[in-house]
Amino acid sequence: MQELIDDPLIWLKANSGKIFLLVVVLVIAFVADKIISKAMRIALDRTEIPSASIFVNIVRAIIWVVAASLVLQPVFGINPTTLMTALGVGGIALSFGLKDTISNVIGGFGLMLSKVVKPGDLVTINGITGLVEDVTWRHTVVKERSGDTMWIPNSVLNTAALEKMTEVSEGMTTIAFTARGKEGVDTDAMARQIVATVQAATDDIMLPDNPPIVKFNGFSPYGIEGKVLLFTKPGVLLSTMQDRATRALAGEGFLVQNAALVEE
């Protein structure tokens, strides 16, 4: 280092071979990183193995570890074997401090290889419902319908209850209603009218081929209790569907909207 300060040209001349080797190895590692990462993503998309960044990141880490091991001895004068031995001894102590990280990495591999969860799945985990966007070396990234993104540690997924959902069940919401229970009431006609009213108001945000469904589920002092099952497109808030359906049903004369209507 003192030689570099005193006369940089002499130092560069004396170490030109090492510098050249270091640059060549770094360039090769960089190019290999880009090419292999892209090739792996394409290959994973064509196989049954989930296309998650954890596999790509592990391979990238291996590329740079190999590159570093090639220049340690000739460029820096460090024996890789000696370094590995030192890391092995220190790794025992280090592993205690990184036990959560190690648990997340192992958990991520377990999730991917067992295909428990993969990008594109609709899941519910500890009350969080959304679309799995990626499984990294540490977290599983889940995007909720509201647009919020949650990073859930992989170790949590290995111990938490996980529910896989269909597009229909994930987008379902309900609107409860009470209909007047008069003698001779035609519940089938009432159900058809509710479906037609709601469908007209929510057609653009409704999940295709999944029209509203009316279910009657009991009685109350005010009339017949029921609910409308609604199926919302991905990317649309469930509250938006609920708002539109409620506004559409508010003007229907056969629905009880307050206790005073029972006396009519």
Side-chain angles (χ1 to χ4, degrees), residues 50-52 116-136 139-153 156-157 160-181 185-220 222-262:
S51 179
V116 173
V117 63
K118 59 183 183 296
D121 284 347
L122 286 167
V123 298
T124 295
I125 307 163
N126 285 349
I128 298 170
T129 299
L131 181 71
V132 177
E133 291 196 327
D134 194 10
V135 179
T136 69
H139 299 97
T140 294
V141 183
V142 178
K143 187 172 184 179
E144 297 179 294
R145 183 177 283 267
S146 63
D148 296 336
T149 301
M150 304 294 294
W151 285 266
I152 305 173
V156 172
L157 289 182
L162 183 148
E163 179 184 1
K164 283 191 176 183
M165 309 181 72
T166 64
E167 191 177 49
V168 174
S169 62
E170 190 274 334
M172 188 185 75
T173 186
T174 61
I175 298 292
F177 66 85
T178 301
R180 300 186 194 185
V185 62
D186 187 346
T187 54
D188 290 335
M190 184 187 301
R192 287 193 295 270
Q193 184 174 346
I194 292 174
V195 168
T197 301
V198 172
Q199 191 165 9
T202 64
D203 186 63
D204 60 321
I205 60 173
M206 184 179 64
L207 198 61
D209 303 321
N210 290 273
I213 299 174
V214 174
K215 298 287 186 180
F216 296 101
N217 52 25
F219 301 92
S220 76
Y222 303 112
I224 304 171
E225 300 287 336
K227 59 184 178 181
V228 189
L229 279 63
L230 305 161
F231 306 96
T232 316
K233 282 182 178 180
V236 179
L237 293 175
L238 299 182
S239 59
T240 301
M241 174 66 84
Q242 294 168 346
D243 177 72
R244 285 207 195 176
T246 301
R247 290 173 184 268
L249 290 174
E252 296 298 322
F254 55 80
L255 296 181
V256 177
Q257 298 179 41
N258 54 62
L261 292 176
V262 182

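Nothing here was measured: the structure is a model prediction, and the numbers come from that model.
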Quiz item: Say you draw a straight line from OG1 of Thr240 to CD1 of Ile205; how long is it, rounded to the nearest 0.5 Å?
Solution: 6.0 Å
Quiz item: Between atom OG1 of Thr166 and atom CE of Met172, what is the distance when rounded to the nearest 0.5 Å?
Solution: 9.5 Å
Quiz prompt | Non-hydrogen atoms of Val236 and Arg145 that approach each other most closely | solution = O-NH1, 2.8 Å
Quiz prompt | All side-chain contact (heavy atoms from CB on, under 4.5 Å) counterparts of Asp148, not counting sequence neighbours | solution = Glu144, Ser146
Exercise. Indicate yes or no: at least one non-hydrogen side-chain atom of Leu249 is less than 4.5 angstrom from one of Val228.
Key: yes
Practice problem: For the pair Lys233 (side chain) and Asp204 (backbone), establish whether a donor and an acceptor sit closer than 3.5 Å, ignoring hydrogens and angles. | Solution: yes
Quiz item: Can you tell me how far NZ of Lys164 sits from OG of Ser169, rounded to the nearest 0.5 angstrom?
Solution: 13.0 Å
Quiz prompt | Ile175: which of Asp243, Leu229, Leu230 passes side-chain contact (heavy atoms from CB on, under 4.5 Å) | solution = Leu230
Exercise. Would you check if the side chain of Asp203 reaches a backbone N or O of Ala200 as a donor-acceptor pair within less than 3.5 Å?
Key: no
Exercise. Report the residues that fulfil side-chain contact (heavy atoms from CB on, under 4.5 Å) with Thr149, sequence neighbours left out, ordered by chain and then residue number.
Key: Val141, Lys143, Trp151
Self-check item: Non-neighbouring partners of Ala201 that pass side-chain contact (heavy atoms from CB on, under 4.5 Å), sequence neighbours left out
Solution: Ala248
Quiz item: If we only count heavy atoms from C-beta on, is the Thr129 to Glu170 side-chain gap below 4.5 Å?
Solution: yes
Show which side-chain atoms of residues 208-218 pair as donor or acceptor with protein atoms under 3.5 Å away, not counting sequence neighbours.
from   : atom 1 : to     : atom 2 : distance (Å)
Asn210 : ND2    : Pro208 : O      : 2.9

Quiz item: Which distance, rounded to the nearest 0.5 Å, do you find between the CD of Glu225 and the OG1 of Thr178?
Solution: 3.5 Å
Which atom pairs, donor and acceptor, lie under 3.5 Å between side-chain atoms of residues 186-194 and protein residues at least two apart or in another chain?
from   : atom 1 : to     : atom 2 : distance (Å)
Asp186 : OD1    : Asp188 : N      : 3.1
Asp186 : OD1    : Ala189 : N      : 3.2
Gln193 : NE2    : Glu252 : OE1    : 2.6

Quiz item: Which value, rounded to the nearest 0.5 Å, describes the distance between Ile128 atom CD1 and Met150 atom CE?
Solution: 3.5 Å
Quiz item: Can you list the residues that meet the side-chain contact (heavy atoms from CB on, under 4.5 Å) rule with Glu163, with sequence neighbours excluded?
Solution: Thr124, Met165
Quiz prompt | Gap between atom OG1 of Thr174 and atom NZ of Lys227 - 0.5 Å precision | solution = 6.0 Å
